[in-house]
Amino acid sequence: MIFDEVFDVIVIGAGHAGCEAASASARLGAETALVTINLDLIGQMSCNPAIGGIAKGHIVREIDALGGIMGRVIDRTGIQFRLLNRSRGPAVQSPRAQADRSLYRVEMRRVLEATPNLHLRQGVVVDLIIDKNTIVGLELQDTRRLRAKAVIIATGTFLNGKIHTGQKSFSAGRSGEPATIELAESLKKLGFPVGRLKTGTPPRLDSRTIDWDAFEAQPADEKPVAFSFATEKIEQPQITCHIGYTNEELHDKIRQNLYQSPLYSGKIKGIGPRYCPSIEDKVVKFADKNRHQLFLEPEGHNTNEVYLNGFSTSLPAELQQNLLKMINGFKEVKIIRPGYAIEYDFVDPRELKPSMETTRLNGLFLAGQINGTTGYEEAACQGLMAGINAAFYAQKRDSIQLRRNSAYIGVLIDDLIQHGVDEPYRIFTSRAEARLTLRHDNADQRLSPIASEIGLLTDSDWNKFNEKQDRIAQLRNVLESTRFKRSDHRYVSISQLLGVDLGDTITLAQLSQRQGVNSEIIFRILPEEIKTKIKDSDLDTALADLLYRGYLETQKNANERIKHNDNLKIPKKIDFQNVNGLSNEMIERLERSKPHTFGQIRNISGLTPSAISTLLVYLTSQTSK
């Protein structure tokens with residue numbers, strides 16, 4: 001067979017998974033082609049123009065620590081940075097940033113075009129070329145054939161995609177772009193088990209038609225927390241987002257028109273994301289709530305488009321307009337782009353090896369929504385791992401994988417390949433057994449040595465990493481060795497500030513774990529010689545390590561105890577509704593699975609570590625009665 005071009009690795013799709021995959025593969029020395037339907041839409045944010053969030057922010061930090069590019073791109077194009085869960089422990093705090101949608105896309109393409117060994121190609125992939133159970137290339141709609149040692153499919157929602165708005169539906173990958181139908185059929189012919197999922201997007205509004213005074217302002221953080229460990233400062237000006245709410249009048253109108261929703265009329269067969277439901281789903285499934293929160297998020301500095309987060313819908317466009325006018329502040333609102341739902345094919349991720357290579361075909365890797373996940377961040381981390389391992393496959397090097405206790409990326413991939421999905425998968429901190437150690441601030445400690453070893457970290461970034469570790473080590477020594485006695489004037493002022501007696505002596509490390517003591521207090525009383533050397537982030541990491549030191553040993557013992565109870569019998573008449581601490585999702589999964597032993601419970605897809613611990617406590621208490 002004659003090929004028009006020959007590469008080491010070909011990546012199909014230039015969304016968040018495809019961009020990370022192509023970048024990693026090329027930077028590891030593999031001649032890489034990134035093939036996409038429209039080169040002008042590389043890195044397009046199809047839905048929410050934001051990066052990060054609970055657990056998702058952790059993953060972006062991990063991508064950056066491993067040498068990925070998402071963190072750097074959002075740091076250069078983010079227009080509102082916020083650290084979520086500030087009032088809670090550092091393990092569940094997570095960065096999030098609103099992006100300038102068009103700038104993000106431009107910056108992502110600039111980064112890719114500046115990458116050596118990376119070649120951008122525009123075209124529609126219609127078939128995979130196989131030889132003796134090994135992929136050797138692909139064919140484009142324009143008849144070009146590209147040869148490769150490894151291929152990564154990262155097609156997002158384009159794989160046999162279908163858009164729904166009201167009772168109208170049409171084939172599309174996203175609004176205005178064609179679906180990838182031939183490739184979907186090719187995968188089915190090769191025997192891959194294919195299912196159907198659904199996601200959606202809300203209407204985009206014209207900011208000039210919104211009464212902003214009717215909504216609650218949500219400003220950016222004064223000190224933005226960057227995603228990339230290489231970012232010294234966020235330079236671009238920040239914006240203010242706003243918060244609003246739906247109301248009972250709007251809810252009633254939706255209930256009266258459910259027959260117009262393809263989600264409730266039966267036209268949509270795919271399963272939607274549990275934690276990002278449409279407004280129709282919210283009204284039906286949470287009928288006791290008289291309002292639902294909305295976030296008004298501008299899509300950039302130089303556009304009038306506003307993303308209405310929390311109002312995903314597939315209702316008819318005219319009805320969307322009428323519904324919005326029922327909200328105070330939207331009396332004159334105009335819709336620029338209506339919301340819609342999209343169904344698409346996915347491949348059962350249990351078809352994958354930990355390297356993201358398929359078990360069915362040698363050299364074929366899958367990444368992103370094709371594996372049943374939802375979200376830019378979940379897609380990007382899969383793309384990064386697929387890109388690394390596809391390059392290694394082409395170079396005849398051993399693949400790498402991340403363990404569950406070393407990264408959220410490891411948790412996500414392990415969940416997918418071990419349990420598969422029955423709904424779009426989203427990462428949460430509760431999915432990780434070792435979540436106290438998997439913090440966003442220490443992702444570089446956990447993963448940058450790996451990135452350096454495999455060749456994805458530059459010498460400059462590796463030197464910065466080592467300098468940071470040296471600073472933190474010095475800081476730990478100071479915290480452990482600096483001691484205050486009763487006779488010290490600082491002891492008196494600290495004791496008065498906290499309103500408690502601190503004993504005869506206390507170290508800074510011990511003081512940092514007292515209630516009411518934060519990093520600002522500790523920084524004020526640090527010795528001057530260390531103050532001038534460290535950064536705020538260094539102190540945050542050192543204090544978080546101290547905070548969780550005792551918990552980690554307890555967590556380790558609890559995990560061991562869980563593993564030793566697999567033969568524990570489940571009572572036949574158990575009612576999981578009576579188990580305090582289980583969410584509705586966990587109860588639903590347990591009732592559907594009907595487990596007979598605790599070991600079977602541990603293998604139920606989607607059951608969180610905290611739910612497993614709660615069940616073990618409940619079952620052992622019942623057994624002891």
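- Qualifying side chain to side chain donor-acceptor pair (under 3.5 Å) partners for Tyr245, counting only residues two or more places apart in sequence or in other chains: Gln293.
- Asn442 places no side-chain N or O within 3.5 Å of a backbone atom of Leu438 that could act as its donor or acceptor partner.
- At least one donor-acceptor pair under 3.5 Å links the side chain of Ser228 to the backbone N or O of Ala230.
- Minimum interatomic distance between Ile63 and Glu377 (heavy atoms only, all atoms of both residues): CD1-O, 4.1 Å.
- Contact check for Ile601 versus Leu619: side-chain heavy atoms found under the 4.5 Å cut-off.
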Query raised in the report: Taking it one step at a time, do Gln218 and Thr240 satisfy side chain to side chain donor-acceptor pair (under 3.5 Å)?
Result: CA-CA 6 Å; Gln218 186 184 50; Thr240 296; over 6 Å; no

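- A donor-acceptor pair under 3.5 Å is formed between the side chain of Glu20 and the backbone N or O of Ile69.
- One distance of note links CD1 of Ile409 with CG of Leu447; it measures 6.5 Å at 0.5 Å rounding.
- Taking 4.5 Å as the limit, some side-chain heavy atom of Pro237 sits within range of a side-chain heavy atom of His301.
- Taking each heavy atom of Leu508 and Pro527 in turn, the nearest pair found is CD1-CD, 4.5 Å.
- Interatomic distance, OG1 of Thr541 versus CG of Leu546, reported as 11.0 Å (0.5 Å rounding).
- Between Tyr408 and His58, the ring planes are perpendicular. Angles over 60° get that label, and only those under 30° would be called parallel.
- Side-chain contact between Lys56 and Arg96 is absent, with no heavy atoms from C-beta onward closer than 4.5 Å.
- When side chains are defined from C-beta on, Leu526 counts as touching Leu475, because their heavy atoms get closer than 4.5 Å.
- Under the 3.5 Å distance criterion, the side-chain polar atoms of Ser452 are left unmatched by any main-chain donor or acceptor of Ser448.
- You'll find the side chain of Phe392 stays beyond 4.5 Å of the side chain of Asp398, heavy atoms only.
- A donor-acceptor pair under 3.5 Å is formed between the side chain of Ser512 and the backbone N or O of Ala509.
- Atoms CD and CD1, from Gln577 and Ile587 in turn, are 4.5 Å apart once rounded to the nearest 0.5 Å.
- Using modelled atom types, no side-chain atom of Asp540 and backbone atom of Asp441 make a donor-acceptor pair closer than 3.5 Å.
- No more than 12 heavy atoms of other residues, nucleotides or ligands shown are found within 6.0 angstrom of NZ on Lys535.
- For Glu529, the CD atom counts as densely surrounded, since its 6.0 Å shell holds more than 12 non-hydrogen atoms of other residues, nucleotides or ligands.
- Within 6.0 Å of the CG atom in Asp470, the count of heavy atoms belonging to other residues, nucleotides or ligands exceeds 12.
- Enclosure of atom CZ in Arg483 by more than 12 non-hydrogen atoms of other residues, nucleotides or ligands within 6.0 angstrom is indicated.
- Rounded to the nearest 0.5 Å, atoms OG (Ser207) and CD (Glu299) are 10.5 Å apart.
- To the nearest 0.5 Å, atom OG1 of residue Thr199 and atom CD of residue Gln369 are 6.5 Å apart.
- Taking the six-membered ring where the residue is Trp, the centroids of His16 and Tyr376 are separated by under 6.0 Å.
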Query raised in the report: What do the steps show when you test Asp444 against Arg61 for side-chain contact (heavy atoms from CB on, under 4.5 Å), and what is the final call?
Result: CA-CA 8 Å; Asp444 56 341; Arg61 276 295 187 97; over 6 Å; no

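- With respect to the salt-bridge test (charged N to carboxylate O, under 4.0 angstrom), the residues Glu528 and Lys533 do not qualify.
- The aromatic rings of Trp462 and Phe465 lie parallel to each other, with less than 30° between the two planes, well short of the 60° mark.
- Atom CG of Asn578 is surrounded by more than 12 heavy atoms from other residues, nucleotides or ligands within 6.0 Å.
- With a 4.5 Å cut-off on side-chain heavy atoms, Asn371 and Met356 count as touching.
- Atoms CD and CD1, on Gln401 and Ile413 in that order, are 8.5 Å from each other to the nearest 0.5 Å.
- Of the candidates His419, Arg404, Arg403, Asp414 forms a side-chain hydrogen bond (donor to acceptor under 3.5 Å, both in side chains) with just one, namely Arg404.
- Of the possible donor and acceptor atoms, none in the side chain of Glu62 sits under 3.5 Å from a partner among the backbone N and O of Ala443.
- Applying the salt bridge (Lys or Arg N to Asp or Glu O under 4.0 Å) definition to pairs two or more places apart or across chains, those involving residues 68-81 are Asp64-Arg72, Arg72-Asp461, Arg76-Glu107.
- Without hydrogens or angle criteria, Ser481 side chain to Asn477 main chain gives a donor-acceptor distance under 3.5 Å.
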Report task. Determine, stepwise, if the pair Ile400 / Met385 fulfils side-chain contact (heavy atoms from CB on, under 4.5 Å). Result -> CA-CA 8 Å; Ile400 68 164; Met385 298 307 295; 4.1 Å; yes

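- Between Ser102 and Asp100, the side chains place a donor N or O and an acceptor N or O closer than 3.5 Å (distance only, hydrogens not considered).
- Side chains of Arg524 and Ile521 form a contact here, defined as non-hydrogen atoms less than 4.5 Å apart.
- For the pair Leu502 and Ile494, the tightest heavy-atom approach, listed with the atom from each and the gap, is CD1-CG2, 3.8 Å.
- Ser460 and Thr458 form no side-chain donor-acceptor contact under 3.5 Å, judged by distance and modelled atom types alone.
- Around the CG atom of Asn518, the shell of radius 6.0 Å holds more than 12 heavy atoms that belong to other residues, nucleotides or ligands.
- Side chain of Ser94 to main chain of Gly53: a donor-acceptor pair is present (N/O by atom type, distance under 3.5 Å, no hydrogens or angles).
- Between Glu480 and Thr507, the side chains place no donor N or O within less than 3.5 Å of an acceptor N or O (distance only, hydrogens not considered).
- Looking at Tyr307 and Asn48, their side chains never bring a donor and an acceptor atom within 3.5 Å of each other.
- Among all heavy-atom pairs drawn from Leu296 and Gly244, the shortest one is CD1-N, 4.3 Å.
- Arg471 approaches Asp538 most closely through the heavy-atom pair NE-OD2, 2.7 Å.
- The two residues Arg490 and Ser493 have their closest heavy-atom pair at O-OG, 2.9 Å.
- If you check the side chains of Glu433 and Asn405, you find no donor sitting under 3.5 Å from an acceptor.
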Requested in this report: Please test Phe598 against Asn567 for side-chain contact (heavy atoms from CB on, under 4.5 Å), starting from the C-alpha separation and ending with a verdict.
Outcome: CA-CA 6 Å; Phe598 182 71; Asn567 293 324; over 6 Å; no

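- Residues meeting the side chain to side chain contact (heavy atoms under 4.5 Å, CB included) test with Asp501, sequence neighbours left out: Arg486, Tyr491.
- Arg27 and Ser23 form a side-chain donor-acceptor contact under 3.5 Å, judged by distance and modelled atom types alone.
- Proximity of Arg439 to Asp545: side-chain heavy atoms (C-beta onward) are separated by under 4.5 Å at one or more points.
- Taking the ring axis of Phe229 as reference, the NZ or CZ atom of Lys464 does not stay both within 45° of it and closer than 6.0 Å to the ring centre.
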Report task. Could you give me the CA-CA distance, side-chain angles and deciding distance for Phe227 and Val73, then say whether side-chain contact (heavy atoms from CB on, under 4.5 Å) is met? Result -> CA-CA 9 Å; Phe227 282 94; Val73 173; over 6 Å; no

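- A distance-only check finds a donor-acceptor pair linking the side chain of Arg435 to the backbone of Ala432 [under 3.5 Å].
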